[in-house]
Every structure is written in C-alpha cells, then in structure tokens.
Number of protein chains: 2
Amino acid sequence: MIAGKWKPLILYFLLQGPNRYGALKRAVRCVSDKVLIQQLKELESDGVVLRTDHKEVPPRVDYTLTPLGRSLAEALEPLCIWGVENMDAVARVLADREAWKQGPSG
Amino acid sequence: MIAGKWKPLILYFLLQGPNRYGALKRAVRCVSDKVLIQQLKELESDGVVLRTDHKEVPPRVDYTLTPLGRSLAEALEPLCIWGVENMDAVARVLADREAWKQGPSG
DNA sequence: CAGTATCCATATGGATACTG
DNA sequence: CAGTATCCATATGGATACTG
C-alpha cells in the first residue's frame, strides 16, 4: 500500500496538515501531476486517504487521512526519522546509483 | 533502499536471526531465486547487508545486517506491527486488487 | 485550481532451465 | 547449497500538451 515513490511523503504531509491538491504538489515538489493524482487515487482506493471535492469554481479539493491512513502514517514515522538520521548514508547510496547510471563500471 | 517487494521481509528475518541463503529462502517463501538474489545484492550494495561466502563445498553463505541495516530494520518494525494489526484491512485491499485483475468493472 | 490524455522508457518481478 | 542465465509481462514513473 505504500509502494509508490511518493506515497510515504504524501502520507507524511497529510499527517502534518496541508491537504489541498496544490499544497501537496508544492510540498512534494518535482512530482508530475499525473503521478501525484495516480498515487492519490491509489491511496484513496486503498482506504487510507479521503478525497473531498467541494464542487466550487475555481476547483477546491481536500485530501485527508482516514483513521486507517492516520495510523499508517504514524507507523511510518520511525522510518522517516531513520531517513533523516541517516541522511548521509542514504545520500551516498543515491549518489552511487546516479554515478552508475552515467557510466557503469563495476 | 527498501523499495523491492521482499526487502522489508528480508530485513525482518535477518533481524530475527536466520541468515543462510536457504534459510532466508524458506522464510520468505514464494520468492524465486532470481529475485531473492537480486534483492540481496541490492541490499548489499546499499550497505545494509553483509554477505559472507565461507568458500566451502557444499556452498555456505551468510547474510548479516550491518549496523546501518540493523537500525533500518528496527525503524521498519512499527510498520510491520501496523501490518499485523491491520491485517484485515490490508487483506481486503489485496483481495480487491485481485478481483480487479480478474474482471475490471469499476 | 485541479486535474485528464497520450506516449514512452525503464524498473521490477516472475518462470524456467541449468551449474560448480 | 547457493546460486546464474535467459526471456518475458507488467508496473511504475516521467514528459508534454491540454481543459472545465
């Protein structure tokens, strides 16, 4: 259910508060509309996110966590904290992967 | 780093103890050799798992967690616990996905 | 603002047969 | 026992243009 490049981040931001589509987009950053919508729809059909269309013009849509989604996001926190604490190691891994893409040589 | 269908499970089992290739294979179950090896290699090159080839005949290879890997596995625990506690909801989601594959209709 | 539509590359995982 | 090799289908994400 959290498989998807941006899903943990989406859950994290929804747990913090901002919940309009545009806010999420700005929060996650460098994610295309297509992928963000796609992942939100999956989260919605998985029952962790609730989508509320206010049917206004201009459009206003809220995304909020369901109780299940909230508990999932909370279970995800230690992993996020780990990511922050081990940012150096994680960054090294990501850098290595980039280097490998440029010129594989071992 | 934990993206990969079986990686969380692999880390979980390595945290519990069993560490020979065959033991992991039996533990994870229904994973093919190719995928298991592939994911173990990725975990190894990411610095979370250490591979020790005892160079014996018959072959004996140990996989153990590095300190980084151990901390990662521990950060993953709440998520595993969440999965167990919400097994019903998770199972429903998985069942729905199966049904959708068989005959998409909404 | 909050999306949809289309096309595309790559990543990911699976099946099967084989091996020192 | 602990892998390797090959072939293949699908999932996943990205780029770009468009819209009520």
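Since we're looking at a predicted model, the values are computed, not measured. Letters A, B, ... are given to chains in the order of the sequence lines, protein chains preceding strands, and every chain is numbered from 1.
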Mind calculating the distance between [atom1] ([X]) and [atom2] ([N]) to the nearest angstrom?
| X | N | atom1 | atom2 | result |
| --- | --- | --- | --- | --- |
| A:Lys25 | C:dA2 | NZ | C1' | 9 Å |
| A:Arg97 | C:dT10 | CZ | P | 17 Å |
| A:Lys7 | D:dA11 | NZ | C1' | 11 Å |
| A:Leu24 | C:dA2 | CG | C1' | 12 Å |
| B:Arg60 | D:dC1 | CZ | C1' | 12 Å |
| B:Ile10 | C:dG13 | CD1 | C1' | 13 Å |
| B:Leu36 | D:dT4 | CG | C1' | 14 Å |

Are side-chain heavy atoms of [X] and [Y] found at a separation under 4.5 Å?
| X | Y | result |
| --- | --- | --- |
| A:Val61 | A:Arg20 | no |
| B:Trp6 | B:Leu11 | no |
| B:Tyr12 | B:Leu76 | no |
| A:Ile10 | A:Val28 | yes |
| B:Leu14 | B:Asn19 | yes |
| B:Ile81 | B:Val84 | no |

Does OP1 or OP2 of [N] have a side-chain N or O of [X] closer than 4.0 Å?
| X | N | answer |
| --- | --- | --- |
| B:Arg20 | D:dA2 | yes |
| A:Gln39 | D:dT12 | no |
| B:Tyr63 | D:dG3 | yes |

Pairing partner (Watson-Crick or G-U wobble, both distances under 3.5 angstrom) of D:dT10 = C:dA11
ask   = Is there a Watson-Crick or G-U wobble partner for D:dT19 with both distances under 3.5 Å, and which nucleotide is it?
value = C:dA2
Residue whose nearest DNA chain D nucleotide is more 5′ - A:Gln38 or B:Val61 = B:Val61
key: Pairwise 5' ranking along DNA chain D for B:Asp62 and A:Pro59, keeping only the more 5' one   = B:Asp62
message = I'd like to know if B:Arg51 and B:Asp62 make a salt bridge, using a cut-off of under 4.0 Å between side-chain N and carboxylate O.
response = no
Salt bridge present between B:Arg97 and A:Asp46 (N-O < 4.0 angstrom) = yes
inquiry  = Quick one: does any side-chain atom of B:Thr66 pair with a main-chain N or O of B:Gly47 as donor and acceptor, under 3.5 Å?
reply    = yes
query = Are the side chain of B:Gln39 and the backbone N or O of B:Lys7 linked by a donor-acceptor pair below 3.5 Å?
reply = yes
inquiry  = What residues from residues 41-56 of chain A pass a heavy-atom cutoff of under 4.0 Å to DNA chain C?
reply    = A:Lys41, A:Arg51
Please tabulate the protein-to-nucleotide N/O contacts below 3.5 Å involving nucleotides 14-17 of chain C, giving atom names and distances.
{"residue": "C:dG14", "atom": "OP1", "partner": "B:Lys5", "partner atom": "NZ", "Å": "3.2"}
{"residue": "C:dG14", "atom": "OP2", "partner": "B:Trp6", "partner atom": "NE1", "Å": "3.4"}
{"residue": "C:dG14", "atom": "N7", "partner": "B:Lys34", "partner atom": "NZ", "Å": "3.1"}
{"residue": "C:dG14", "atom": "O6", "partner": "B:Lys34", "partner atom": "NZ", "Å": "2.5"}

remark   = Of A:Ile37 and B:Pro58, the one whose closest nucleotide on DNA chain C sits nearer the 5' end is A:Ile37
